[in-house]
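To start, the structure under review is shown below, and the notes come after it.
Heads up: numbering here begins at 1 and tracks the sequence. Everything quoted here is computed from the prediction, not taken from an experiment.
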Amino acid sequence: MKISQRLQQINSMISGHYDHIWDCCCDHGLLGMLLLERSAARHVHFVDCVPSLMQALELRLQRFFPADISGLNPHLNPDIDPNLSRHTQWQVHCLDVAALPLAQTSDKDKQLIIIAGVGGELLVDLVRAILALHPQRHLEFILCPVHHNYYVRQSLSALGLGLKSEHLLEENQRFYEILHVSTTAAQNGLLISATGSLMWQTLDETSLPRAQRYLSQVIGHYLRMPTHKQTPEIIDAYQQQLAQLLSEHSEFECS
């Protein structure tokens, strides 16, 4: 299957090595397979609540990442084969993302939870539930909601999460914001802005028009709402962001 730009971008944002990566709402498991191929974690978990998808995915994983290679075979002894300890293990979970079995892993394990392709309100509910169940854990999330980015960002900030990185992507005439956040980043002063921050700082002459189109599109979306549903503070925040962007990058237009 063709790997979407969105999944490729998420994959590229995972630079460190983790003990556990949870590919949630994984659908066909394409992202998790990319992570398996490059051993991005000791354990890659595929999570979705659709039984038929998970059954088909497990068969596919058994074919392309068989147990004796992934390290899942309990009869293989790492003491006999030192290379075995470096193999990435995988596991399929058919369950609600809010019920991730993090308690079955060590408190010291480095965890990354990926949630992409779901609505903003559901995404926030899932993150809130995971944090409530595991308040003492140091967790990282890569999140890509399909809409309601302003609400998502405000909610993540209210939950005490901080920003590690973020990226704006355009694919098939749709824009996506991808956020890498953690429970510890806020302590280092990396706060989550409601309209974005880091993703505007690396714009060049090629990417600036895309950013302008995105912000203009978001502003237009809120302005088209019925008057009684409009939120002036959100419109104003995005208008200020667009004005700041145009001001900071005016040299591109002058050159």
Side-chain angles (χ1 to χ4, degrees), residues 1-76 78 81 83-102 104-105 109-119 122-123 126-127 130 139-146 164-167 169-172 174 176-182:
M1 288 184 173
K2 183 180 179 181
I3 307 294
S4 69
Q5 293 181 42
R6 185 164 49 96
L7 295 185
Q8 291 182 46
Q9 178 61 43
I10 293 174
N11 180 45
S12 71
M13 293 171 70
I14 303 171
S15 56
H17 191 273
Y18 295 86
D19 295 298
H20 299 271
I21 297 181
W22 305 81
D23 181 11
C24 302
C25 308
C26 65
D27 198 26
H28 297 289
L30 300 181
L31 174 59
M33 290 185 197
L34 289 178
L35 300 174
L36 278 176
E37 287 177 347
R38 64 183 182 90
S39 299
R42 288 195 299 115
H43 304 261
V44 175
H45 303 264
F46 297 81
V47 185
D48 208 300
C49 61
V50 182
S52 58
L53 277 177
M54 293 296 91
Q55 291 167 6
L57 175 57
E58 185 153 22
L59 291 174
R60 195 174 302 118
L61 289 169
Q62 289 171 354
R63 176 183 176 187
F64 293 105
F65 301 91
D68 60 341
I69 294 177
S70 69
L72 283 177
N73 191 328
H75 301 295
L76 293 179
D81 181 3
N83 293 323
L84 186 62
S85 61
R86 295 196 293 269
H87 291 318
T88 298
Q89 302 179 18
W90 57 263
Q91 190 169 356
V92 173
H93 307 265
C94 187
L95 47 77
D96 188 333
V97 172
L100 292 183
L102 300 183
Q104 298 177 13
T105 66
D109 285 346
K110 190 176 181 182
Q111 312 262 1
L112 173 65
I113 300 165
I114 304 170
I115 308 175
V118 300
L122 173 58
L123 184 146
L126 294 173
V127 172
I130 292 169
L139 302 176
E140 294 183 29
F141 296 84
I142 289 184
L143 307 170
C144 183
V146 294
K164 292 179 67 68
S165 66
E166 60 183 6
H167 186 84
L169 173 73
E170 184 179 16
E171 182 177 28
N172 297 328
R174 291 194 63 174
Y176 299 93
E177 293 185 24
I178 307 174
L179 294 88
H180 187 175
V181 301
S182 79

Does [X] reach the side chain of [Y], with side-chain heavy atoms less than 4.5 Å apart?
{"X": "Val181", "Y": "Val127", "result": "no"}
{"X": "Leu102", "Y": "Trp22", "result": "yes"}
{"X": "Val92", "Y": "Gln55", "result": "no"}

Between [X] and [Y], what is the shortest heavy-atom contact and its length?
{"X": "Pro51", "Y": "Cys49", "result": "CD-O, 3.3 Å"}
{"X": "Pro145", "Y": "Tyr176", "result": "O-CD2, 4.3 Å"}
{"X": "Val44", "Y": "Gly32", "result": "CG1-O, 3.9 Å"}
{"X": "Ala116", "Y": "Cys25", "result": "O-CB, 4.1 Å"}

Looking at [X] and [Y], would you say the former's side chain and the latter's main chain have a donor-acceptor pair under 3.5 Å?
{"X": "Trp90", "Y": "Leu36", "result": "no"}
{"X": "Gln91", "Y": "His43", "result": "no"}
{"X": "Gln5", "Y": "Glu171", "result": "no"}
{"X": "Arg6", "Y": "Cys144", "result": "no"}
{"X": "Asp96", "Y": "Ala98", "result": "yes"}

Spacing of [atom1] belonging to [X] relative to [atom2] belonging to [Y], to within rounding of 0.5 Å:
{"X": "Leu30", "Y": "Arg60", "atom1": "CG", "atom2": "CZ", "result": "7.5 Å"}
{"X": "Ile142", "Y": "Ser165", "atom1": "CD1", "atom2": "OG", "result": "6.5 Å"}
{"X": "Leu139", "Y": "Asp109", "atom1": "CG", "atom2": "CG", "result": "11.0 Å"}
{"X": "Asp48", "Y": "Leu95", "atom1": "CG", "atom2": "CG", "result": "9.5 Å"}
{"X": "Cys24", "Y": "Leu143", "atom1": "SG", "atom2": "CG", "result": "9.5 Å"}
{"X": "Ile113", "Y": "Ser182", "atom1": "CD1", "atom2": "OG", "result": "11.5 Å"}

Sole residue of Glu140, His167, Lys164, Glu166 in side chain to side chain donor-acceptor pair (under 3.5 Å) with His180
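For His180, the side chain to side chain donor-acceptor pair (under 3.5 Å) check succeeds only for Glu140.
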Under the salt bridge (charged side-chain N to carboxylate O under 4.0 Å, His left out) test, which residues partner Glu170, sequence neighbours left out?
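Expected list: Arg213.
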Pairs where residues 25-37 contributes a residue and the test salt bridge (charged side-chain N to carboxylate O under 4.0 Å, His left out) is met, not counting sequence neighbours:
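Sorted result for residues 25-37: empty, none.
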Show me the pairs that pass salt bridge (charged side-chain N to carboxylate O under 4.0 Å, His left out) and involve residues 9-23, at least two apart or across chains.
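Applying salt bridge (charged side-chain N to carboxylate O under 4.0 Å, His left out) to every pair that reaches into residues 9-23, excluding sequence neighbours, yields Asp19-Arg42.
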Would you please name every residue forming a side-chain hydrogen bond (donor to acceptor under 3.5 Å, both in side chains) with His93, sequence neighbours left out?
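Checked His93 against side-chain hydrogen bond (donor to acceptor under 3.5 Å, both in side chains); matches are His45.
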Which residues pass the side-chain hydrogen bond (donor to acceptor under 3.5 Å, both in side chains) test with Thr105, not counting sequence neighbours?
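For Thr105, the residues satisfying side-chain hydrogen bond (donor to acceptor under 3.5 Å, both in side chains) (neighbours in sequence not counted) are Gln111, Arg137.
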By side chain to side chain contact (heavy atoms under 4.5 Å, CB included) - contacts of Arg63 (at least two apart):
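For Arg63, no residue satisfies side chain to side chain contact (heavy atoms under 4.5 Å, CB included) once neighbours in sequence are set aside.
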For side-chain contact (heavy atoms from CB on, under 4.5 Å), just list the numbers for Leu35 and Ile114, CA-CA rounded to whole Å, side-chain angles, deciding distance to a tenth of an Å, and then say yes or no.
CA-CA 12 Å; Leu35 300 174; Ile114 304 170; 4.1 Å; yes
